[in-house]
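Inspection log for the structure reproduced underneath, given as structure tokens.
One-based numbering along the sequence shown. On a predicted model such as this, the values are computed, not experimentally measured, just so you know. Remember, it's 1-based here, ligands and their atoms both numbered in the order they're listed.
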Amino acid sequence: MSDAPRDRPATRVVHVGRDPQRFLGAVNTPVFRASTILFPTVADLERASRGEYEGLTYGLHGLPTVHDLQVALAEIEGGAAALMVPSGLTATTFPLLALANPGDHVLVTDSVYGPTRRFCENHLRRLGVEVDYYDPLIGAGIERVLRPNTRIVFTESPGSLTFEVQDLRAIADAAHARGAVVVLDNTWATPLGFRAFDHGVDVSVHAATKYIGGHSDVLLGAIVANAKTLPALERLWTDMGVTPSPDDCFLALRGLRTLAVRLARHQASALRIAHWLRARPEVDQVLYPALPGAPGHEIWKRDFTLAPGLFGVVLKPVASQKLAAMLDGMRLFGMGWSWGGFESLIIPTWPERVRSATRWLAAGPCVRLHIGLEDPDDLIADLEAGFARLAS
Ligand SMILES: *Cc1c(COP(=O)(O)O)cnc(C)c1O
């Protein structure tokens, strides 16, 4: 086994987490639905109640479809194990609940996904956990805001809406020196684009709803953990019974098989469109870390192996009705939350509404684009017609 060649990422997403021999030769692990699992003897049931039974004991505890997805994601990202949960939001909030205790202090990046911040405000504080937000670009300066009781440094890179790229290695080194663990929302890069555990991250969480599912038809989260943090996460996962549906895990496994090719196309089209946008007179700044010269590009180039199709654009100041005319009339770009499916999206964003430690000072409005798998020339034509409405 140890002599086997190490397959490259695009090969691994095709082969990890499936074993056709277990399922009559079927290529894919089927949707395996079960609540009750029957035991042949009292002795077996008794062993199961002591946690000493080999094999499945109950539908909550690792149905094959859920298990195989967990194995696949842990293997791709290089964690000790993965736990699947019913949504990306469950995945981002779950480590906070599992790892922080009353009296602990938690540091959260100011560019965090809005609903994760809402959980910290509404629930971590209620449970007696202190929460502070920090500048996403703080890097090694995190040292200055760490406290003796800091238990978790929550990171997200690039940040939601504003796409700041964080220096995870510097943050992790400082956090570990003070006994804190680092949680990363790695949804943007996926397990393929940023090898979180190689950069000192302890828990990497994903909205599998986005690129892993990849088709805008599933809600799912993944928590990938190292050996240090896994026991506490596993305990809460078992005690809360938050396993997702095997149907959703089946869709995510199906999505995973094409993740590498889809991301390559998302990145190529996004880069092309980002270059085109930067040259437009209506555009102030393109916030796509993979674009040379864009904010965060140097750290992105150092740490990431790919970029997906999601980025922000700061427009020059323009009346809000003109922006609405642009967005309301798009032909191919849809308007809606979430992203990571095969289709392109565009929405206005308001980063200044979800900050407390830093200020978002852009003069003009922000939009967020998701570049899907369409022909990029058609997407550019759609944007060009949109800019004509913006100017009229
Ligand atoms: C979408 C998203 C989530 C939440 O995922 P859901 O499955 O919609 O709950 C978490 N983090 C980031 C960065 C996201 O973009």
Side-chain angles (χ1 to χ4, degrees), residues 66 69 73 77 82-97 108-123 133 136 152 154-166 168 182-194 196 201 203-224 242-245 247-249 251-252 255-256 263 266 270 287-289 296 300 304 307-312 334-341 343 345-347 349-351 354-355 366-372:
V66 183
L69 178 57
L73 292 177
E77 196 164 8
L83 300 166
M84 298 310 300
V85 290
S87 73
L89 186 55
T90 313
T92 62
T93 56
F94 199 85
L96 296 164
L97 199 56
V108 179
T109 175
D110 211 24
S111 57
V112 73
Y113 177 64
T116 305
R117 176 188 289 258
R118 203 173 58 207
F119 176 86
C120 294
E121 292 303 304
N122 290 341
H123 302 287
Y133 299 89
I152 300 173
F154 193 100
T155 61
E156 183 180 325
S157 181
S160 275
L161 309 184
T162 45
F163 298 90
E164 294 91 342
V165 182
Q166 297 196 264
L168 259 299
V182 176
V183 179
L184 169 68
D185 185 337
N186 199 15
T187 299
W188 185 84
T190 83
L192 283 182
F194 183 74
V201 169
V203 186
S204 174
V205 299
H206 300 268
T209 306
K210 308 285 166 58
Y211 286 110
I212 294 170
H215 294 72
S216 304
D217 55 6
V218 60
L219 288 161
L220 201 61
I223 302 162
V224 190
V242 282
T243 194
S245 137
D247 301 75
D248 293 340
C249 291
L251 290 173
L256 186 65
L263 284 173
H266 283 294
L287 307 175
Y288 186 40
W300 176 83
F304 289 65
L310 188 81
F311 61 87
M335 252 193 300
W337 284 309
S338 206
W339 40 271
E343 83 290 8
L345 299 167
I346 188 167
I347 54 165
T349 65
W350 297 276
V354 285
R355 304 216 147 207
C366 293
V367 293
R368 188 184 71 189
L369 281 80
H370 178 250
I371 304 304

N/O pairs closer than 3.5 Å, ligand 1 and protein:
from     : atom 1 : to     : atom 2 : distance (Å)
ligand 1 : 7 (O)  : Gly88  : N      : 2.8
ligand 1 : 7 (O)  : Thr209 : OG1    : 2.5
ligand 1 : 9 (O)  : Gly88  : N      : 3.3
ligand 1 : 9 (O)  : Leu89  : N      : 2.8
ligand 1 : 11 (N) : Asp185 : OD2    : 2.7
ligand 1 : 15 (O) : Lys210 : NZ     : 2.6

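Between the side chains of Thr155 and Ser157, no donor-acceptor pair is found at a separation under 3.5 Å. A donor and an acceptor atom, one from each side chain of Ser216 and Glu343, are located under 3.5 Å apart. For the 3.5 Å distance criterion, the side chains of Ser204 and Glu77 qualify, holding a donor opposite an acceptor.
Take Arg368 and apply the salt bridge (charged side-chain N to carboxylate O under 4.0 Å, His left out) test, not counting sequence neighbours, and it matches no residue. Every salt bridge (charged side-chain N to carboxylate O under 4.0 Å, His left out) that Asp247 has, sequence neighbours left out, goes to Arg33. Applying the salt bridge (charged side-chain N to carboxylate O under 4.0 Å, His left out) rule to Glu164 yields the partners Arg355; only residues at least two apart in sequence or on another chain are considered.
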